[in-house]
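So the structure is just underneath, and the comments pick up after that.
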Amino acid sequence: MLRTLLSPRLLGLHLLTIGVLVAFILLGRWQLGVFQDSGKPHAATDPGPVAVGTLAQVGPQMSGEAVGRKVTAEGVYEAGRQLLVADRQADVDAPGGNVSRDRGYWVLTPLRLDDGTLMPVVRGWTAKADDPAVSAVPQGKVTVAGRLRPQQGTDSVQRRAEGLPAGQVQTVSTGELVNLWSGQQVRTGFVVAQPPSGSLAQVKVEPPVVGGTLTWRNLAYAANWWIFAGFAVFMWFHFVRDAVRTDRDRAKSPEMALEG
């Protein structure tokens with residue numbers, strides 16, 4: 001049997017089968033990768049800036065298309081209502097709460113727009129609550145550019161068991177801000193200023209993204225390539241088995257042995 005398996009006519013078959021298997025498996029993995037990548041979020045069209053009032057309303061939830069959009073806001077900062085969002089990194093998508101405990105603060109200052117509503121603005125990030133940049137709130141009418149983000153749920157982070165000092169919160173929740181800034185109309189969501197205010201550090205914020213759509217056709221292509229690979233193994237086994245049987249029959253038959 002070993003002589004048959006190592007015969008020149010079967011060695012070529014072995015090499016061909018190995019080549020076919022490698023090619024088909026790699027093609028299947030490639031199609032699987034295309035399928036997996038199709039489901040990942042990807043960058044959406046990033047339109048030019050618009051007035052924040054057109055996307056962030058008072059009351060209604062923010063639409064998904066508004067998240068990450070460039071906006072501008074004109075108004076006056078109300079330093080007396082400023083808050084620090086505790087346990088935050090300089091990245092709007094980084095986890096907050098106990099996961100980032102003592103990692104820093106977002107400086108959240110309401111901007112009173114011309115219509116009297118308040119737009120929460122993250123002016124930047126600081127490592128220390130007593131950083132002089134925190135209290136250096138721009139005076140007078142300002143124009144703020146940045147990206148719009150949706151409000152955060154009050155239960156979206158693991159809170160400190162002992163609570164926070166006065167003037168600090170753990171999320172930018174519109175419902176919580178309405179209570180803290182009582183008697184005010186607060187627009188939903190918040191703006192991450194770009195560039196940050198004064199010497200505060202920039203809070204990283206991504207442009208709009210859209211969810212991917214899985215291309216099931218590529219998954220089917222991957223399955224097809226792997227089925228072809230299995231069929232190649234079946235055919236290899238079929239040819240090898242027939243060759244072994246033929247050689248065994250030849251060895252057992254005197255007439256075939258003489259012919260050989």
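All values reported here derive from a predicted model rather than from experimental measurement.
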**Request:** Go through the steps for Leu148 and Val52 under the test side chain to side chain contact (heavy atoms under 4.5 Å, CB included), then give the verdict.
**Result:** CA-CA 8 Å; Leu148 191 60; Val52 70; 4.2 Å; yes
**Complete:** Output for pair (Asp155 CG, Ser173 OG), nearest 0.5 Å, gives 9.0 Å
**Complete:** Of all heavy-atom pairs linking Val169 and Leu164, the shortest is C-CD1, 3.5 Å
**Item:** Those residues that, when tested against Trp225, pass ring pair (Phe, Tyr, Trp, His ring centres under 6.0 Å) (two or more places apart)
**Value:** Phe24, Phe228
**Message:** Contact between Pro49 and Val71 at the side-chain level, heavy atoms closer than 4.5 Å - yes or no?
**Reply:** no
**Item:** Heavy-atom pair of closest approach, residues Gly189 and Thr174
**Value:** N-OG1, 3.4 Å
**Asked** Should the heavy atoms of other residues, nucleotides or ligands under 6.0 Å from CD of Gln158 be counted, would the total exceed 12?
**Response** no
**Request:** Decide yes or no for Gln151 and Glu176: does some side-chain heavy atom of the first lie under 4.5 Å from some side-chain heavy atom of the second?
**Result:** no
**Asked** Is any side-chain heavy atom of Thr17 closer than 4.5 Å to a side-chain heavy atom of Leu13?
**Response** yes
**Message:** Please report the interatomic distance CG(Asn179) to CD(Gln184), rounded to the nearest 0.5 Å.
**Reply:** 12.5 Å
**Prompt:** Less than 4.5 Å apart, any side-chain heavy atom of His14 and any of Trp236?
**Reply:** yes
**Item:** side chain to side chain contact (heavy atoms under 4.5 Å, CB included) between Trp226 and Leu32, intermediate numbers included
**Value:** CA-CA 11 Å; Trp226 291 331; Leu32 180 63; 3.9 Å; yes
**Prompt:** Say you draw a straight line from CD1 of Ile227 to CZ of Phe234; how long is it, rounded to the nearest 0.5 Å?
**Reply:** 14.5 Å
**Item:** Interatomic distance, Met119 atom CE to Thr188 atom OG1 [nearest 0.5 angstrom]
**Value:** 7.5 Å
**Message:** Take a 6.0 Å sphere around CZ of Arg29 and say whether it holds more than 12 heavy atoms from other residues, nucleotides or ligands.
**Reply:** no
**Request:** Looking only at non-hydrogen atoms, find the nearest pair between Pro138 and Val142 and report the distance.
**Result:** CB-CG1, 4.0 Å
**Prompt:** When you check the side-chain N and O atoms of Thr109 and Gln82, is any donor under 3.5 Å from an acceptor?
**Reply:** yes
**Request:** Output yes when Arg160 and Asp87 qualify as a salt bridge under the 4.0 Å nitrogen-oxygen rule, no when they do not.
**Result:** yes
**Message:** If the condition is side-chain contact (heavy atoms from CB on, under 4.5 Å), which residues does Ala94 pass it with, not counting sequence neighbours?
**Reply:** Gln89, Asp91
**Asked** Any Lys/Arg nitrogen of Arg69 or Glu206 sitting under 4.0 Å from an Asp/Glu carboxylate oxygen of the other?
**Response** no
**SB check Arg88 Asp102 (cutoff 4.0 Å)** = no
**Item:** Close side-chain approach of Glu74 to Lys141, heavy-atom, < 4.5 Å
**Value:** yes
**Asked** Is it true that Val172 and Val186 fall in one hydrophobic cluster, defined by side-chain heavy atoms closer than 4.5 Å?
**Response** yes
**Fill in**
Separation between CZ (Arg101) and CZ (Arg159), nearest 0.5 Å, reads 13.0 Å
**Asked** Looking at side-chain heavy atoms only, is the closest gap between Trp181 and Leu118 below 4.5 Å?
**Response** yes
**Asked** Tell me, do Leu84 and Val134 make a side-chain contact under 4.5 Å, heavy atoms counted?
**Response** yes
**Item:** Closest contact, heavy atoms only, Gln202 versus Ala193
**Value:** NE2-O, 2.9 Å
**Asked** Any idea which heavy atoms bring Trp106 and Val92 closest together, and the distance?
**Response** CZ2-CA, 3.7 Å
**Item:** Closest approach of Leu21 to Ala229 (non-hydrogen atoms, all atoms of both residues)
**Value:** CD2-O, 3.3 Å
**Asked** How long is the span from the CH2 atom in Trp30 to the CG atom in Asn218, to the nearest 0.5 Å?
**Response** 7.5 Å
**Request:** Taking the side chain as every heavy atom from C-beta outward, state whether Val191 and Arg147 have any atom pair closer than 4.5 Å.
**Result:** no
